[in-house]
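Below, each value reflects all heavy atoms present in this structure, side chains not excepted, and no hydrogens, waters or symmetry copies.
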Amino acid sequence: MVYLRRKILLSGTALNQLQKSLRWSSSLKIRDKNEIRPERSFKYADLSVRLAAPHQLQPKPNVRALSFGKYFTDHMLKIFFYETLGGWQTPEITPFENLVLHPGAKVLHYAIELFEGMKAYRGVDGKIRLFRPELNMERMNNSAVGSGLPSFNGNELIKCFTRLISIDQEWVPHSTAASLYIRPTLIGIDPTLGVSAPDSALLYVILCPVESYYNTSMENGVSLLADPRYIRSWPGGCGDRKVGSNYGPTIKMLKKALKKGYQQVLWLYGEHNEITEVGAMNIFMVYLNDDGEKELVTPPLNGLILPGVVRNSILALSQEWNQYKVSERKIYMKEICRLLSENRLLEMFGSGTACIISPISNIGFMDRDFHIPTLQQSDPIYKKLEKHLKDIQYGYIPDHPWTITID
């Protein structure tokens, strides 16, 4: 097969784009750069490739049949770390396969693991683009430092999984309503019990074609349940890291919300019901402030919320447009209720890689439903932001500095 025989190379154009400085500064800064040791990182130049045999190739699903995280591509990237062998080992692309772990592996007992989520988009010009992957690498290294897992050079990992995407490029949907989800994961694999930093780890990347996370949210808005008795994160915790232990404990509350007819959970914190996140999304509010001007506000990066890449992008675009005031500050349910009673709350929406932007239409709080008029606005800000972000991701705006093109 031509697919199996061809030599797939990462173009110099794509590699050069990795070195470009960002047009806007990042708000996803590594907290302790002294712990990041890129000189010990694996290197893209050492990458080896073992292609799948013809019988291992899977049929590509129809775009209309996609659901989030159900189908996986033919290959994966694996990179082992062994402290006793000098650190990171040679990166390898292999056929997609199950992992073999010792029953005592630390990831299974103490949740020593982390992950990232980003996407590759097939543009209207047929080119495949990544959206700000360097920010995901910053966040992933930050999570690694906080979890006792080894750090790495983010650019080298981008180059490695860009090669992986090139190999499985036929899996990138030919649609502006779908994309290829990229899931880098780093787990502690020491075959010993005991709560301690692991001396061995596995970094792997898997890919899956996906549609939007919420199929109907853009039409009907997301309905949320806010229950002060349940919290997702707390000061000094790990709520600002993308680790599995942030998400598993939320399932109980999500099941409760679904049973009551809501789609997701609005997470609150503290005695004053501070708003933090929507499910696994960052949250934004648009309202008329005391000066009568439109203001976009989102909670600050105070350790309670994940520093989202889409969140960062929304703030950067809004500041560049300069069409409304932009602020990062705490938001409380008491303020939401007051603004609604004064007809000053205009929009609320969630943001994240999986959904991009999801408008919020209803919040259930203290046995009462509060209707959010997001979908009733004649010219809503969330739609402008969503359109502009998609225009960048799908190449309607070509050569944008936030994208890396895979040739």
Side-chain angles (χ1 to χ4, degrees), residues 27-28 68-69 115-119 131-132 135-136 139 143 179 181-183 210-227 230-233 238-244 246-251 253-254 257-258 262-269 273-286 296-318 328 330-331 333 336 347-365 372 374-375 380-383 385-386 388-390 393:
S27 66
L28 308 180
F68 199 90
F115 63 94
E116 267 301 326
M118 61 194 88
K119 289 180 178 179
F131 181 75
R132 310 189 79 184
L135 297 191
N136 293 93
R139 188 170 66 185
S143 297
S179 55
Y181 190 76
I182 307 164
R183 173 51 65 87
V210 297
E211 61 177 358
S212 177
Y213 197 79
Y214 297 112
N215 291 332
T216 61
S217 64
M218 296 306 291
E219 299 173 4
N220 305 315
V222 179
S223 184
L224 310 174
L225 176 62
D227 190 332
Y230 300 88
I231 61 173
R232 189 196 73 90
S233 61
C238 57
D240 58 347
R241 284 181 252 146
K242 208 161 182 65
V243 294
N246 278 341
Y247 300 91
T250 69
I251 300 301
M253 181 58 180
L254 177 59
L258 293 173
Y262 300 92
Q263 292 171 287
Q264 259 298 349
V265 177
L266 176 59
W267 295 104
L268 308 177
Y269 171 77
N273 298 316
E274 177 184 343
I275 290 174
T276 60
E277 290 191 353
V278 180
M281 298 183 287
N282 295 127
I283 190 168
F284 287 83
M285 175 179 75
V286 180
L296 175 73
V297 60
T298 191
L301 298 181
N302 58 4
L304 294 179
I305 68 172
L306 193 71
V309 174
V310 176
R311 175 191 182 276
N312 177 289
S313 304
I314 287 172
L315 292 173
L317 287 175
S318 296
E328 298 177 66
K330 293 181 179 180
I331 307 171
M333 278 304 303
I336 296 295
E347 305 172 42
M348 293 187 74
F349 56 89
S351 72
T353 296
C355 65
I356 303 180
I357 289 179
S358 289
I360 297 168
S361 59
N362 186 66
I363 298 176
F365 175 66
I372 311 299
T374 309
L375 300 176
I381 288 174
Y382 85 86
K383 276 194 174 181
L385 289 165
E386 190 226 5
H388 198 83
L389 288 171
K390 284 187 174 181
Q393 293 163 346

For residues [X] and [Y], report the shortest heavy-atom separation together with the two atoms involved.
X	Y	result
Gly117	Tyr181	CA-OH, 3.1 Å
Ile275	Met348	CD1-CE, 4.5 Å
Lys330	Pro300	N-CD, 3.7 Å
Ile356	Val310	O-CG1, 3.6 Å
Thr374	Pro380	O-CB, 4.4 Å
Ile305	Arg311	CD1-NE, 4.1 Å

_Once salt bridge (Lys or Arg N to Asp or Glu O under 4.0 Å) is applied, do any residues pair with Arg183, and if so which ones, sequence neighbours excluded?_
none
Rounded to the nearest 0.5 Å, what's the gap from [atom1] on [X] to [atom2] on [Y]? Could you check?
X	Y	atom1	atom2	result
Leu224	Met281	CG	CE	7.0 Å
Asn312	Leu317	CG	CG	9.5 Å
Ile331	Thr276	CD1	OG1	10.5 Å
Tyr269	Leu304	OH	CG	6.5 Å
Leu254	Tyr230	CG	OH	12.5 Å
Thr353	Leu135	OG1	CG	10.0 Å

Between the side chain of [X] and the main-chain N/O of [Y], is any donor-acceptor distance below 3.5 Å?
X	Y	value
Asn282	Thr298	no
Ser143	Arg241	no
Arg232	Leu268	no
Lys119	Ile182	no
Arg139	Pro307	yes
Ser358	Gly350	no
Gln264	Leu225	no

*Once the angle between the rings of Phe284 and Phe349 is folded into 0 to 90°, is it parallel (under 30°), tilted (30 to 60°) or perpendicular (over 60°)?*
parallel
_Residues which pass ring-ring contact (aromatic ring centres under 6.0 Å, His included) with Phe115, listed by chain and number, not counting sequence neighbours_ = Tyr247
For a 4.5 angstrom cut-off between non-hydrogen side-chain atoms, does [X] reach [Y]?
X	Y	answer
Ile314	Ile357	yes
Glu277	Leu266	no
Leu375	Pro359	yes

_Could you go through Glu347 and Ile360, starting from their C-alpha distance and side-chain angles, then the distance that decides it, and tell me whether this counts as side chain to side chain contact (heavy atoms under 4.5 Å, CB included)?_
CA-CA 8 Å; Glu347 305 172 42; Ile360 297 168; over 6 Å; no
*Where do Asn220 and Ser361 land on the side chain to side chain contact (heavy atoms under 4.5 Å, CB included) test, with the steps shown first?*
CA-CA 7 Å; Asn220 305 315; Ser361 59; 5.9 Å; no
*Using the test side chain to side chain donor-acceptor pair (under 3.5 Å), find all partners of Ser318 that sit at least two apart in sequence or belong to another chain.*
Tyr324
*Given Asp240 and Leu306, is the side chain to side chain contact (heavy atoms under 4.5 Å, CB included) satisfied, shown in steps?*
CA-CA 4 Å; Asp240 58 347; Leu306 193 71; 5.6 Å; no
*Test side chain to side chain contact (heavy atoms under 4.5 Å, CB included) on Trp267 and Ser233 and set out the steps.*
CA-CA 9 Å; Trp267 295 104; Ser233 61; over 6 Å; no
